[in-house]
Amino acid sequence: MTFTIATWNINSVRLRMPIVERLLLERAPDILCLQETKCPDDLFPFAAFRKLGYEHISISGQKGYHGVATIARRPIETIEKRDFCLKGDCRHLSVRIGAGGKSLLVHNFYVPAGGDEPDPEINWKFRHKLDFVSEMNAIRAEYNELSGSILVGDLNIAPLEHDVWSHKQLLNVVSHTPVETESFEAMRKAGDWVDLTRLNVPLDQKLYTWWSYRAQDWELSDRGRRLDHVWSSSNLTESLSSVEILREARGWDRPSDHVPVIARFDLD
DNA sequence: ATGGTAGTTGCACTA
């Protein structure tokens, strides 16, 4: 069977319902992981999702900021809503879902952006981001013959040289500083995760999932960054059939500044 | 070096 997972920083789920519906109608992923829902749980637009056939919904939302939601066509079991750095932020949610003969643990993350100043001594937001990534070392890609793990989300770090429009110009810009990219890669490796988006793409090819709202013409200037990621345990890579970055969604009506990333697997 | 836009707890903060 085919299993499709999409991740998208939606920057307000209520405001973006028209384009969320468009994604679900056009792409029909089995499971959709949203970040920055900016929506308290009691105001979540459940009905709109159910109408589209997504009746299984797990959310961790708060007023105004952050917030993650995982939405599926088939039953999901909520496993954990972990409070990283004990700040009470809604930035993580894990669920379990059956896919083919396997049970998949799906982690949905919204890593702190980290503010503008890349110095943890004077910028507490950057300190928080580094601490958050360190704490993510505990999240491992668990698997056995009957199970696997997937980790997706807006991780707010572009780890590789060609994950940003200019490596040189962004070395001191939060999201691409060496302290971030090194701890990010160390964390990924410690957890035994595979970066699926880069798996079949040459390292010298540019890949972006985010384009700033502040550009006059995002498409023309094309100054993007790869902040959104899809990782899996090593036993799932042989089943991976494609990973697609839906660049066109940046040009949809009232867009998010992030676009969906969609991974497809052929599981037995 | 600066400022640009978008969202919400909107006249301040976050991204």
Side-chain angles (χ1 to χ4, degrees), chain A residues 7-23 33-45 48 59-69 83-85 87-92 108-120 122-133 152-159 163-166 168-177 179-181 184 208-229 246-261:
Chain A
T7 180
W8 198 4
N9 176 316
I10 199 60
N11 187 18
S12 172
V13 67
R14 284 173 288 175
L15 197 68
R16 291 310 161 214
M17 272 320 288
I19 59 172
V20 173
E21 288 177 8
R22 179 168 176 181
L23 176 78
C33 296
L34 297 172
Q35 303 86 35
E36 270 205 283
T37 53
K38 295 183 174 176
C39 182
D41 289 353
D42 56 340
L43 296 177
F44 194 85
I59 57 178
S60 178
Q62 65 187 84
K63 218 173 183 183
Y65 305 104
H66 325 314
V68 289
D83 182 7
F84 285 77
C85 303
K87 289 175 63 72
D89 288 352
C90 295
R91 296 180 177 276
H92 169 259
N108 180 357
F109 272 99
Y110 176 50
V111 171
D116 287 334
E117 178 56 57
D119 180 349
I122 59 177
N123 174 12
W124 68 266
K125 292 181 198 168
F126 195 64
R127 174 81 268 155
H128 176 217
K129 183 179 197 176
L130 297 177
D131 291 345
F132 194 103
V133 171
V152 305
D154 175 6
L155 306 184
N156 264 318
I157 293 173
D163 290 340
V164 293
W165 64 275
S166 168
K168 208 173 162 184
Q169 287 182 252
L170 288 173
L171 273 172
N172 202 33
V173 173
V174 172
S175 72
H176 195 61
T177 64
V179 64
E180 288 171 90
T181 58
F184 184 85
Y208 313 138
T209 65
W210 172 91
W211 293 261
S212 172
Y213 281 127
R214 296 173 188 175
Q216 283 186 348
D217 185 331
W218 71 272
E219 197 165 21
L220 188 66
S221 60
D222 200 22
R223 295 183 168 188
R225 305 179 199 169
R226 186 169 72 107
L227 304 178
D228 303 274
H229 298 268
L246 207 63
R247 181 185 167 103
E248 66 190 63
R250 186 61 180 78
W252 288 355
D253 197 35
R254 297 207 74 185
S256 167
D257 43 357
H258 297 250
V259 298
V261 183

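Chain identifiers are assigned alphabetically (A, B, ...) following the order of the sequence lines, protein sequences preceding nucleic acid strands; residue numbering begins at 1 within each chain.
- For the pair A:Ile19 CD1 and B:dA6 P, the computed distance is 13 Å after rounding to whole Å.
- Remark: A:Arg226 CZ to A:Ile157 CD1 distance equals 12.0 Å, nearest 0.5 Å.
- Annotation: side chain of A:Arg254 is in contact with side chain of A:Leu15 (closest heavy-atom distance under 4.5 Å).
- Distance noted for atom P between B:dG3 and B:dG7: 22 Å (whole Å).
- Here A:Arg254 reaches the OP1 or OP2 of B:dG7: one of its side-chain N or O atoms lies under 4.0 Å away.
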For the pair A:Glu219 and A:Arg247, evaluate side chain to side chain contact (heavy atoms under 4.5 Å, CB included) and give the outcome as yes or no after the intermediate values. CA-CA 10 Å; A:Glu219 197 165 21; A:Arg247 181 185 167 103; 3.9 Å; yes
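- Here B:dC13 presents its P atom at 18 Å from CD of A:Glu36, a figure rounded to the nearest Å.
- Going from atom OH of A:Tyr65 over to atom P of B:dG7 covers 15 Å, rounded to whole Å.
- The residue among A:Asn9 and A:Pro40 whose nearest nucleotide of DNA chain B lies closer to the 5′ end is A:Pro40.
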Start with the C-alpha distance between A:Arg250 and A:Tyr208, add both sets of side-chain angles, then the distance that settles side chain to side chain contact (heavy atoms under 4.5 Å, CB included), and finish with yes or no. CA-CA 11 Å; A:Arg250 186 61 180 78; A:Tyr208 313 138; over 6 Å; no
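- Look at CD1 on A:Ile10: it is 15 Å from C1' on B:dA15, rounded to the nearest Å.
- Side-chain atoms of A:Gln35 and A:Thr7 include a donor-acceptor pair closer than 3.5 Å.
- Rounded to whole Å, the separation between the P atoms of B:dT2 and B:dA6 comes to 23 Å.
- Taking atom CZ of residue A:Arg214 and atom C1' of nucleotide B:dT14, one finds them 10 Å apart after rounding to whole Å.
- Distance check on atom C1': B:dG4 versus B:dT14 gives 16 Å, rounded to whole Å.
- For B:dT8, one of the phosphate oxygens OP1 or OP2 lies less than 4.0 angstrom from a side-chain nitrogen or oxygen of A:Ser12.
- Here the P atom of nucleotide B:dA1 and the CG atom of A:Asn172 are 11 Å apart, to the nearest Å.
- Here the nucleotide nearest the side chain of A:Leu15, chosen from B:dT14, B:dA15, B:dG7, is B:dG7.
- Rounded to an integer number of Å, the gap from CG of A:Asp257 to P of B:dA15 is 12 Å.
- The base of B:dA6 does not come close enough to the side chain of A:Arg16 for any donor and acceptor atom to sit less than 3.5 Å apart.
- Rounded to whole Å, atom C1' of B:dA1 lies 13 Å from atom CD of A:Gln169.
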